[in-house]
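Order of the sequence lines fixes the chain letters, A, B, ..., with proteins taken first and strands second; residue numbering starts at 1 for each chain.
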Amino acid sequence: MSIMMIALTAALINNVVLSQFLGICAFLGVSKKSKSAVGMGFAVTFVLTLSSLVCGVIYRFLLVPFGLEYLKTIAFILIVAALVQFVEMFLKKFVKSLYDALGIYLPLITTNCAVLGVALINVQKDYDILTGTVNGFFTAIGFLIAIAIMSFIREKMEYNDVPKAFQGFPIVMITAALMSIAFFGFSSF
Amino acid sequence: MNMSKDKPLERIWNGIYVENPVFCLILGMCPTLATTTSATNAIGMGLSTTAILTASNLMISLLKKVIPNRMRIPSYIVIIASFVTIVEFLMEGFTPEVYKALGIYIPLIVVNCIIMGRAEAYAGKKGPVESIFDGLGMGIGFTIALLLIGSVRELVGAGTIFGIKVTPGIYVPVNIFILAPGAFLVMAFFVAIMNKLKIGAARRTGWDPTENGCADCSGCAHRNNCSGKVSSEENTEVKS
């Protein structure tokens, strides 16, 4: 599969939220306002790209040579946790404006299953480091697209008269279901 | 229900109904939506999560005095990840079909918010026995929720339950229910039914279902990380 095809698949056809159900917690939790949703989307893009790269490097050059592939779950989650801390410290010190924009979302990303999920998918599909990083970046773009659209719809929905039992979470899920059906259109490419 | 707190039975009832992790706390959404394509997969996911949750709750509760407060999140992650790796091996060896069907979602149990949430909210503070029952209760509640969603999706989407055909031949299965949109749809209706029940109960007894922290910050596994900042930022903007 060419890189182009992998990018397209990761971002649209196999959308991380709407067809693989990864990163749902953030997708539902931080999509009330478009400002925070886009902030979260960019924070995920940043961390996901970096973590796919670092996890790929560690897996290829540390775990495989020593025959420790079975430790990948523990290794990857620790890499992600450490990376998030490190990125937070780095941004706080050197790129203050970016830290102010992404700051509060960064710690939440450690437990975002999209990050760990992509690292594991890269191993499962045997992508090399470059392909894995591209896959990570475009998966995150898919996440950004989904969470941004969702937040725009939810802002409009504030003015709608939703039945009492459906208020809050259920109506958001129904919106997600409709979005998911719409994204199915991409798979006919 | 009048049961004294932290007793085994109360903990289990709490996990199944009062604070059901899926329908009430809305935690652990990724496995809930992704692995409920059939009742068998749902049970496999539910039981493996229950095992990991109970084991990690016990371990964390035993080690809570040894783990320094500042290092607790990384320590919890390592403990949970170790149990997940063990379960992964066991499933690969003994139930290879389920292992294959669940695929990437087994290692992803590590980031299941329920486990981290219980470690933070309960096991890190209470004794080992209560923590075991808390883990069991939450795990059973999770399994029941997954089984319900999985059965409905399989029944409507394929006309079978546990792989056995139950609908008459005239029924044409609605395929979309075992695909991604069906997961969102079925989940939405289950939570709506749960809300309806709680609204009814509130009207009868004067009990306010929202005060218990359903779907607000107190149920969130990340609340120590964000200390309510994300939620308060969203809420203030909505109000203003």
By a 4.5 Å heavy-atom criterion (distance strictly below it), what part of [X] contacts chain A: side chain, backbone, both, or neither?
| X | value |
| --- | --- |
| Leu197(B) | neither |
| Phe190(B) | neither |
| Val110(B) | side chain |

Can a donor-acceptor pair be found, under 3.5 Å and without considering hydrogens, that links the side chain of [X] to the backbone of [Y]?
| X | Y | result |
| --- | --- | --- |
| Asn160(A) | Val162(A) | no |
| Ser180(A) | Ala176(A) | no |
| Arg72(B) | Asn69(B) | yes |

Using a cut-off of under 4.5 Å for heavy-atom pairs, which of [options] has the most such pairs with chain A?
| options | result |
| --- | --- |
| Val84(B), Ile104(B), Leu185(B) | Ile104(B) |
| Gly28(B), Ala81(B), Ala192(B) | Ala192(B) |
| Leu179(B), Leu108(B), Thr32(B) | Leu108(B) |

- Item | Sequence neighbours excluded - ring pair (Phe, Tyr, Trp, His ring centres under 6.0 Å) pairs with any residue from residues 14-37 of chain A | Phe21(A)-Phe184(B)
- Restricting to pairs with a member in residues 15-24 of chain A, which pass side chain to side chain donor-acceptor pair (under 3.5 Å), not counting sequence neighbours?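 Only Asn14(A)-Ser19(A) qualify under side chain to side chain donor-acceptor pair (under 3.5 Å).
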- Message: Which one wins on heavy-atom pair count under 4.5 Å against chain B: Leu120(A), Thr73(A), Val115(A), Ile74(A)?
- Response: Ile74(A)
Chain B contact via [X] - which portion, at a heavy-atom distance below 4.5 Å:
| X | value |
| --- | --- |
| Ile174(A) | both |
| Ile121(A) | both |
| Phe183(A) | neither |

- Provide the closest heavy-atom pair for Gly44(B) versus Leu102(B) in the form atom of the first, atom of the second, distance.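 So the two residues come closest at C-CD1, 4.1 Å.
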- Keeping to residues at least two apart or across chains, list the salt bridge (charged side-chain N to carboxylate O under 4.0 Å, His left out) pairs with something in residues 57-82 of chain A.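 Residue pairs passing salt bridge (charged side-chain N to carboxylate O under 4.0 Å, His left out), neighbours aside: Arg60(A)-Asp126(A).
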- Query: Has Met59(B) got more than 12 heavy atoms of other residues, nucleotides or ligands less than 6.0 Å from its CE?
  - Reply: no
- Heavy-atom neighbours of Gln85(A) CD exceed 12 at 6.0 Å: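 It does not: Gln85(A) CD has 12 such atoms or fewer within range.
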- For the residue pair Leu144(A) and Phe42(A), establish whether any side-chain heavy-atom pair is separated by less than 4.5 Å. yes
- Do Phe166(A) and Phe189(B) have ring centroids that are under 6.0 Å from one another? yes
- Task: Report, by ascending residue number, the residues of residues 33-42 of chain B in heavy-atom contact with chain A at a distance under 4.5 Å; give 'none' if the set is empty.
- Result: Leu33(B), Ala34(B)
